[in-house]
Amino acid sequence: MSAIEAENIFSDAILRLDRAFEYAQMDPEVLERLKYPRTSIQVSIPVRMDDGTLRVFEGYRVRYDDSRGPGKGGIRFHPQVSLPEVKALAFWMTCKCAVVGIPFGGAKGGITVNPKELSRLELERLSRGFVQQIADFIGPETDVPAPDVYTNAMIMGWMMDEYSKLRRQRMPAVITGKPIPLGGSLGRDDATGRGAYYCIKELESRRDWQPREMRVAVQGFGNAGQHVARLLHADGYKIVAVSDSQGAIYHPDGFDVPSLAYMKNESRRLEAVYCDGSVCESVNAERLSNGELLELDVDLLIPAAMENQITAENAHRIKAPVVVEVANGPTTSEADEILNGKGTLIVPDILANAGGVTVSYFEWVQNKAGYYWPLEEVHAKLHTIMVREFDNVYELMNEQQIDMRTAAYALALRRIGEAISAGGTGRYFSGNDA
Ligand code: GLU
């Protein structure tokens, strides 16, 4: 991603606010405040590599808004991480936490690195080094990080440990998505995929879908993509295409998702499933590019990889009537207009992928209480929130005759607006609120 593209992600993200404003019934001051992040920090992290040389990595943490509670959002390790990208991701987190009504603002962090090139020890040193640099900006009551693209539970455990050492006390609530024995919550691992699955089940009942007739393409087979594919497959949905950063595979009869996930997690690449060797002989699949996967004639398209996948360039060729955004920001605002014009239903990222941060909230609550819930309780509470907010957004969409994304932003803005207005706005202070 070029610097200009990254800068555009943020300005494009902000456009959604303007669009939703007229349906949000709130003070214009709120809109103005939400156009700027509260705090952005850029740090450098010197890391001693295994061969004795020194490398310096760049990292960021943006606390976008904390009107509704401490900042909340993941940390991404990716070669394309940049400050404007992290700002956009932190903005989306702000709206996401408001859409599901959990008491957090929004934040995000990242390090510009290809973690696949680092040894495990180098990765640990980098993770701990990052926490040393951002320690004054995070904390259970200020900003609570979590996993995101190419970070995982073990990395969260290292970060929690480093923070606890700096504070000289154990502080599990500083970060979520930790390993279970270190204070993680049951059900956090598949929560993002499960939240999206609950949204799809809501659509299924509203639209009378027959799972066995539903052909689904999933772009991205990381944590979120794998779990939503697994849950849908278990209900009979046909997962006809999946992809990872190396490319996509397609089979009109659908894949056995558990075996694909097993192969992917063993080999780290989906390609191992269909390249040379015995497994590829048993999986007969056509090879496609990631772009071709998006344009397949399927009933449901699930982008679960990175930002800016559906753009003005390819939106005309998207055939799926329903898109459920499991990735953050996979559709640009120009593409939105094209898809809305064609009547495509887009379940927006800030709702569809909010299951992850919702269970992160449960983890934070459990850490603070020191009392841990069984898995069924986590699932039941997640289900209640996802269904409630899906309903709220869907109703607002129908009531106002707007697209589902605008409805989700309007709902988020109302909630953020209520928190900001509770402290008084210009109308109150100038006495014009009568
Ligand atoms: N990285 C995830 C997201 O984009 C989870 C954030 C969290 O749990 O705080 O929603």
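Start at 1 and go down the list; that is how both ligands and their atoms are numbered. Only a predicted model underlies this, so the values are computations on that prediction, with no experimental measurement involved.
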Point to revise | Side chains of M26 and R414 in contact at under 4.5 Å (non-hydrogen atoms) | key: no
Point to revise | Mode of N328 contact toward ligand 1 - side chain, backbone, both, neither (heavy atoms, under 4.0 Å) | key: side chain
Practice item. For S360, take its heavy atoms, then give the atoms of ligand 1 lying under 4.0 Å from any of them. Key: 7 (C), 8 (O), 9 (O)
Study note, to complete from the structure: For atom 3 (C) of ligand 1, the closest protein heavy atom turns out to be K96 NZ, 3.3 Å
Study note, to complete from the structure: For M93, the atoms of ligand 1 under 4.0 Å from one of its heavy atoms are 3 (C), 4 (O), 6 (C), 10 (O)
Check your understanding: Do the ring planes of W373 and F362 sit parallel (below 30°), tilted (30 to 60°) or perpendicular (above 60°)?
Key -> tilted
Point to revise | For atom 7 (C) of ligand 1, closest protein heavy-atom neighbour | key: A146 CB, 3.3 Å
Review point. Distance-only, no hydrogens or angles: does the D235 side chain make a donor-acceptor pair with backbone N or O of Y237 under 3.5 Å?
Key: no
Review point. At what distance is the nearest protein heavy atom to atom 9 (O) of ligand 1, and which residue and atom is it?
Key: K72 NZ, 2.8 Å
Check your understanding: Which atoms of ligand 1 have any heavy atom of D148 under 4.0 Å away?
Key -> 1 (N), 2 (C), 4 (O)
Review point. Heavy-atom contacts under 4.0 Å between P147 and ligand 1: side chain, backbone, both, or neither?
Key: backbone
Review point. Going by heavy atoms in the side chains, are H227 and T192 under 4.5 Å from each other?
Key: no
Exercise for review: Output the list of atoms in ligand 1 that are nearer than 4.0 Å to some heavy atom of V357, sorted by atom number.
Suggested key: 7 (C), 8 (O), 9 (O)
**Study point:** R63 NZ/CZ over F137 ring centroid, <6.0 Å and within 45° of normal
**Key:** no
Point to revise | Aromatic centroids of W92 and Y64 separated by under 6.0 Å | key: no
Review point. Side chains of R167 and S164: closer than 4.5 Å at any heavy-atom pair?
Key: no
Study note, to complete from the structure: At under 4.0 Å between heavy atoms, what of R188 touches ligand 1? The answer is side chain
Point to revise | Atoms of ligand 1, numbered as shown, that sit under 4.0 Å from any heavy atom of G73 | key: 9 (O)
Review point. Would you say G177 contacts ligand 1, with heavy atoms under 4.0 Å as the rule?
Key: no
**Study point:** Residue from Q80, H78, R76 passing side chain to side chain donor-acceptor pair (under 3.5 Å) with E85
**Key:** R76
Point to revise | ligand 1 to T176 polar contact by distance, N or O atoms, under 3.5 Å | key: no
Check your understanding: Is the NZ or CZ atom of K264 positioned over F221's six-membered ring, under 6.0 angstrom from the centre and within 45° of the axis?
Key -> no
Review point. Any idea which atoms of ligand 1 are less than 4.0 Å away from a heavy-atom of K108?
Key: 1 (N), 3 (C), 4 (O)
